[in-house]
Amino acid sequence: GGIITQTPKFLIGQEGQKLTLKCQQNFNHDTMYWYRQDSGKGLRLIYYSITENDLQKGDLSEGYDASREKKSSFSLTVTSAQKNEMAVFLCASSTGLGVYEQYFGPGTRLTVL
Amino acid sequence: TQTVSQSDAHVTVFEGDSVELRCNYSYGGSIYLSWYIQHHGRGLQFLLKYYSGNPVVQGVNGFEAEFSKSDSSFHLRKASVHWSDSAVYFCAVRRNNYAQGLTFGLGTRVSVFP
């Protein structure tokens, strides 16, 4: 089996700060995703990537950048953290498109002071 | 567009009870539905999926789900819950743009008491 790791587990930032979240997978999956999870709002897709160096915007991409320089890693940058923001960011990967399940990392919990 | 509705935000049951979590969807394309479980502080884990064939699908840890095209539903069931089943359960439907993966419901929190 494989695993998805996310670093850091907890991230505390200041308003206006640029913050980077990292995700690594050893499944050798082509497709990777970043989701934002807010209490009561489910999961919202921020960015996804169907292969190395591919980047596609999801439903909530404003205020974020992403990077997929290697097949195994997918980074997300909060370009300017918003005061009092609090959310969990989940990274996931999948073998391909269509009928394939997604495998999730444990998440990074962001708090902005 | 595809949508997923989970009518119960929170369900409370006792150990050994059965539980059914409701999921209704709207989707115009080729069906792919799934359920995921999220334990506190963890990522989501895949439970089961349906995209064709027998409308009753079996998943891990005794979970099963039944697809109904007429009701646009994909309800999750377990005959006898354990305290370790306490978690949030998400229903998901495949997006029209397959590359975007899944649209998730808001989740149903299940609390199992001894």
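In this text, all values refer to a predicted model and were calculated from it rather than measured experimentally. Below, chain A is the first sequence line, B the second, and so on; all start at residue 1. As a basis for the values below, the full set of heavy atoms in this structure was taken, side chains included, without hydrogen atoms, waters or symmetry mates.
- Between A:I50 and B:A99, the shortest heavy-atom distance links the atoms CG2-CB, 3.9 Å.
- Listed for the B:Y36 side chain is a donor-acceptor partner under 3.5 Å among the backbone atoms of A:Q102.
- One hydrophobic cluster holds both B:V93 and A:F104 under the rule that ILVMFWY side chains link at heavy-atom gaps under 4.5 Å.
- At a heavy-atom cut-off of under 4.5 Å, chain A is reached by B:G105, B:L106 from residues 105-114 of chain B, listed in order of number.
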Practice problem: Go through the steps to decide whether A:D59 and B:R95 satisfy the test side-chain contact (heavy atoms from CB on, under 4.5 Å), and finish with yes or no. | Solution: CA-CA 12 Å; A:D59 307 314; B:R95 292 186 166 221; 2.4 Å; yes
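- No more than 12 heavy atoms of other residues, nucleotides or ligands sit less than 6.0 Å from atom NE2 of B:H40.
- Annotation: maximal heavy-atom pairing with chain B below 4.5 Å, among A:R109, A:K41, A:Q37, occurs at A:Q37.
- The hydrophobic clustering, which links ILVMFWY residues whose side-chain heavy atoms are closer than 4.5 Å, places A:L110 and A:L43 apart.
- Remark: B:Q58 CD is packed, more than 12 non-hydrogen atoms of other residues, nucleotides or ligands lying under 6.0 Å away.
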Quiz item: Is there a side-chain contact (heavy atoms from CB on, under 4.5 Å) between B:L44 and A:E101 once you walk through the steps?
Solution: CA-CA 11 Å; B:L44 278 69; A:E101 53 261 41; over 6 Å; no
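- No part of B:Q45 comes within reach of chain A, as not one of its non-hydrogen atoms sits under 4.5 angstrom from that chain.
- For A:K22, the NZ atom sits in a loose shell: 12 or fewer heavy atoms of surrounding residues, nucleotides or ligands are nearer than 6.0 Å.
- Linking Ile, Leu, Val, Met, Phe, Trp and Tyr whenever their side-chain heavy atoms come within less than 4.5 Å puts A:V78 and A:W34 in one cluster.
- Clustering ILVMFWY residues whenever any of their side-chain heavy atoms sit less than 4.5 angstrom apart, transitively, puts B:I37 in the very cluster that holds B:L33.
- Of the atoms belonging to A:Q56, not a single heavy atom falls under 4.5 Å from chain B.
- Grouping the Ile, Leu, Val, Met, Phe, Trp and Tyr side chains by contacts below 4.5 angstrom, directly or via other members, places A:M86 apart from A:L90.
- Ring centroid separation for the pair A:Y35 and B:F104 comes in under the 6.0 Å cut-off.
- Atoms CD and OG1, on B:Q100 and A:T31 in that order, are 12.0 Å from each other to the nearest 0.5 Å.
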